[in-house]
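Values below: every heavy atom of this structure, side chains too, minus hydrogens, waters and symmetry copies. Atoms within a ligand are numbered from 1 in the order they appear, just like the ligands themselves.
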Amino acid sequence: MDMKKLAGEKAAEYVKDGMVVGLGTGSTAYHMVNAVGELVKKGYKIQAIPTSKATEAQARELGIPLLTIDEVTHVDLDIDGVDEIDPEFNAIKGGGGALYREKVVASLADEVIWIMDESKKVAHIGDFHLPIEVAKYGCKQAFAKMEAFGWKPTMREKDGELFVTDNGNYIIDLHLGAGFDIQDVKEKIGTIVGVLEHGLFLNMCRRMIVGHSDGTVEIIENENK
Ligand code: 5RP
């Protein structure tokens with residue numbers, strides 16, 4: 001049973017004709033984007049804003065009409081994956097390195113849905129590394145600050161090279177451990193020059209949609225949104 005596909009396809013049911021939709025990034029969002037492509041084939045007049053170059057390429061291939069970020073005035077619904085999420089809807093995102101565009105689009109949306117397989121639901125976030133997007137210029141100094149805070153940072157690499165985001169920046173991954181002090185870390189990140197964005201997405205979603213290995217789909221509403 002493909003849990004990511006279950007969640008992605010379920011989320012596409014929330015897309016209505018005429019909406020401006022934020023299209024997330026990653027292997028779960030991939031299935032949602034395919035399902036949105038099917039809606040377009042059916043005749044839905046959707047416009048979409050992709051959160052990465054990879055999603056943009058997939059959406060183009062499927063014939064989904066796209067907006068550039070400069071053309072966006074509002075987003076009705078954003079659907080995206082997560083790396084970890086706790087019962088208070090505190091999420092870590094950016095495993096795929098798209099956190100900056102993902103946060104811009106989510107912050108513009110009237111409603112946000114996070115989609116995931118059951119492994120992403122945790123009691124406390126932090127076993128997964130927390131991604132931080134940093135400018136190349138000054139990244140060594142930013143890295144040193146993160147070390148000094150005791151966050152065990154690592155520069156993200158891909159194929160033996162430093163990973164470069166769609167925005168031309170680096171990613172530093174913090175290894176904080178489950179149960180870290182979320183507000184303290186968030187505040188301290190804000191003091192580091194060169195940080196473009198962090199992967200903490202706190203209480204941003206209206207609901208989570210979780211695919212389970214037994215083939216069921218769980219929908220968890222956030223009463224505080
Ligand atoms: C990319 C993300 C992804 O949404 C997150 O990493 C989840 O990915 P996947 O659905 O492949 O497990 O934040 O930056």
Query raised in the report: Does any donor atom in the side chain of D70 or T68 lie under 3.5 Å from an acceptor atom in the other side chain?
Result: no
Requested in this report: Test I115 against every option in V210, T28, L6 by the side-chain contact (heavy atoms from CB on, under 4.5 Å) rule and name the one that passes.
Outcome: T28
Query - Taking every non-hydrogen atom, the tightest pair across K10 and V217 - result: CG-CG1, 3.8 Å
Query - Under 4.0 Å from ligand 1 - residues by heavy atom, chain and number - result: K4, T25, G26, S27, T28, D80, G81, V82, D83, K93, G94, G95, G96, G97, A98, E102, K120
**Report entry** Distance-only side-chain donor-acceptor flag, R101 / N167, under 3.5 Å
**Finding:** yes
Query raised in the report: Residues sharing I49's hydrophobic cluster, by side-chain heavy-atom contacts under 4.5 Å among ILVMFWY, directly or via others?
Result: V20, L67, I69, V72, V75, Y100, V104, V105, L108, L196
Query - Stepwise ring pair (Phe, Tyr, Trp, His ring centres under 6.0 Å) test for F201 and W114 - result: CA-CA 10 Å; F201 288 61; W114 298 146; 5.8 Å; yes
